[in-house]
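Taking it in order: structure first as structure tokens, then the write-up.
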Amino acid sequence: MPPGSSREDGVRRLSALFSKTLRDDPADAELASHRLLVRAGYIRRVAPGIFTWLPLGLDVLRRIEAVVREEMEAIGGQEVLFPALVPKEHYATTGRWETYGESLFRLRDRRGGDYLLAPTHEELFTNLVKGEASSYKDLPLILFQIQTKYRDEARPRAGVLRGREFLMKDSYSFDLDDEGLAGSYRRHREAYQRTFERLGLDYRIVSAVSGAMGGSASEEFLAPSDGGEDTYVSCPSCGYAANIEAAETAVPAASDPGDHPPIQILETPDAPTIATLLAAVRAAGIDVGASATLKNVAFTLHHPDGRTDGRTGGRTETLVVGIPGDRDVDLRRLEANVGGATVQPADLDGDDAPAGLVKGYIGPQGLGAEVRYVVDPLVVTGSEWVTGANQPGRHAAHVVMGRDFHPSGVLPAAEVRAGDPCARCGTGLELARGIEIGHIFQLGRKYTDAFALDVLGPDGKPQRVTMGSYGIGVSRAVAAIAEQSHDDKGLLWPAAVAPADVHVVAVGKGDQMAVATRLAEELEAAGRRVLFDDRGASPGVAFKDAELLGVPMILVVGKGLAGGVVEVRDRRAGTAAEVPVGEAVAFLAGGGGGPIR
RNA sequence: CGGGGAGUAGCGCAGCGGUAGCGCACCUGCUUUGGGAGCAGGAGGUCGCGGGUUCGAAUCCCGUCUCCCCGACCA
């Protein structure tokens with residue numbers, strides 16, 4: 001008997017349902033999904049980023065979970081369940097006890113042992129497989145779990161969209177070689193496409209940066225939504241799409257660095273910014289725009305280096321990045337491309353300021369060996385710039401890359417803007433926001449190396465296993481669906497995840513309640529999941545709640561009953577049809593009312 | 001961590017030196033039933049916490065904690 005049923009007929013009755021709707025919006029909710037999930041009585045907040053699932057919300061969560069599980073099993077995934085509470089040792093092996101930083105919930109047991117609430121389970125999966133799999137015959141292998149995860153987010157937001165406790169499906173593939181890994185990756189990619197289609201989510205697959213996880217190929221599944229936290233670019237012409245952190249844009253052609261006038265030093269007092277610089281060089285007779293200046297921004301990089309012996313480990317370096325002066329640095333993009341290091345703006349005023357860097361007047365030419373100089377891809381060999389002269393009050397013009405300076409590398413650091421040309425076809429890129437609902441990685445051997453995970457090959461020799469890692473945010477998907485699927489009246493659940501198939505409402509003081517009760521029971525017996533508003537509330541309340549709750553079909557037993565008809569409403573389409581009472585159950589159970597359970 | 005805002009009933013809010021209030025929700029009774037009903041009665045509060053000023057503090061002062069929003073952060 002489902003929660004909220006008052007009889008053992010399977011019908012879920014609102015009079016007995018624990019969840020209650022709120023007339024007013026909760027004051028702390030900004031996004032529609034958060035507001036509506038709280039108002040409709042699906043979730044309640046316990047602490048920042050920590051929520052209780054009420055009966056209807058739990059129902060939606062479980063429905064999503066079931067779809068995810070089915071699709072994982074369909075590609076041969078085998079379900080396991082790891083503990084959420086794990087001892088430090090497992091994460092110390094890979095250094096993540098340290099490198100995961102402040103987002104890791106750490107705690108201590110009564111004996112002083114360190115534990116953590118797992119934010120992700122690569123280590124445990126790898127270790128488990130090391131203990132259980134010993135032959136190439138055990139591979140390929142896909143294991144998954146649907147588990148509560150913990151991350152001490154700096155700023156949880158928007159209800160279950162970004163919580164500190166959340167439900168996630170994570171799976172891991174173990175293969176003998178790169179080809180096998182590519183196959184496991186592709187199977188996951190296809191399973192994710194099927195999963196999100198079934199969940200009724202609009203999504204985009206975008207190229208991603210693998211970041212601190214290590215590994216190579218990586219794609220994200222983003223649900224387009226203004227409330228999303230990820231920005232991605234997409235090309236309307238060729239279909240290229242990428243997270244902005246991984247976005248590539250067309251770059252200017254390289255040219256011969258020899259074909260330029262010699263460097264000219266300009267006196268530019270009090271011109272430490274691009275705007276003041278432009279005015280100063282104009283006074284010197286050089287009239288250029290901001291895009292012809294080279295802005296050199298200094299950062300301090302902290303490399304954790306996977307240390308396991310203490311918090312103070314790691315290595316620090318000064319990085320100077322050259323980008324066109326008309327653009328800002330995109331710190332997220334830069335950080336996503338520096339291999340797990342943290343990036344902070346360098347302090348050029350303090351006592352520890354790196355030598356040779358003159359604030360406001362940094363140039364790429366003649367920098368000391370103690371700083372690493374790199375350029376954004378937009379800065380190419382043969383390009384000529386107005387830039388700092390590394391002396392207070394002086395800039396240099398006609399500074400040419402490949403002649404006057406030679407960066408040690410290229411790192412994407414400049415902001416990407418709407419309209420920037422697509423790297424593949426040159427069309428102007430579009431920018432949009434999305435919610436990350438899935439992420440697939442080819443991890444490679446980062447974790448199997450750390451744990452020395454080998455199996456014996458057909459030749460009897462040990463072979464290092466290669467891994468993939470794949471996640472779906474199950475609780476986040478509830479918010480993502482709500483975010484994409486609502487109107488001003490309330491939620492609009494896709495049939496596959498709705499907490500019921502039919503919401504039955506009785507309005508009127510005649511036989512309506514009796515007839516509605518009978519229809520609810522018959523519908524339930526016919527395999528429809530029924531939510532029955534048996535409260536006898538006034539019509540306004542009953543209708544508003546039905547719309548707020550978002551069940552796909554609403555059956556109204558009301559004034560039409562006198563004429564022998566009831567009304568069937570399609571919540572999403574906003575349409576309504578009158579159906580003879582005797583045909584109502586067949587109408588709703590006959591395939592037109594959503595999938596059979 | 002930086003910037004902004006807020007802590008008063010389950011939810012949304014008012015009150016800003018003189019007995020703790022309103023709307024919704026909740027309980028009882030009667031009426032009402034196609035768009036968040038009406039009447040009558042009722043229950044519910046250490047006004048975030050600590051100190052101070054005052055005859056008297058939700059209200060003024062100092063401190064502190066917490067929460068929300070934006071940014072930083074974030075497989």
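Note that the coordinates shown come from a computational prediction; the quantities given were computed from them, not determined experimentally. Chain letters run A, B, ... following the sequence lines, proteins first and then strands; every chain starts at 1.
In this structure, A:Arg155 does not reach the B:rA72 phosphate: none of its side-chain N or O atoms is under 4.0 Å from OP1 or OP2. Put simply, A:Arg23 has a side-chain N or O that comes within less than 4.0 Å of OP1 or OP2 on B:rA25. The phosphate of B:rC73 has neither OP1 nor OP2 within less than 4.0 Å of any side-chain N or O from A:Arg151. Not one side-chain nitrogen or oxygen of A:Lys544 sits closer than 4.0 Å to the OP1 or OP2 atom of B:rG36.
The distance between the ring centers of A:Phe125 and A:Phe82 falls below 6.0 angstrom.
Put simply, the side chain of A:Glu547 and the base of B:rG36 share no donor and acceptor less than 3.5 Å apart. If you check distances only, the side chain of A:Asp24 does reach the base of B:rG23 with a donor-acceptor pair under 3.5 Å. Between the side chain of A:Arg45 and the base of B:rG10, no donor-acceptor pair of N or O atoms lies under 3.5 Å.
Across all strands shown, B:rC73 forms no Watson-Crick or G-U wobble pair with both distances under 3.5 Å.
Between A:Ala413 and A:Val321, the shortest heavy-atom distance links the atoms CB-CG1, 3.5 Å.
Applying the 6.0 Å contact sphere to CG of A:Asp511 captures no more than 12 heavy atoms from other residues, nucleotides or ligands.
The distance from atom CG of A:Leu548 to atom C1' of B:rA25 is 15 Å, rounded to the nearest whole Å. One atom, CE of A:Met513, and another, P of B:rU33, lie 14 Å apart when rounded to the nearest Å. Remark: P of B:rC11 and CZ of A:Arg39 are 16 Å apart, rounded to the nearest angstrom.
The cationic group of A:Arg187 does not satisfy the cation-pi geometry with A:Tyr192, failing either the under 6.0 Å distance to the six-membered ring centre or the 45° limit from the ring axis.
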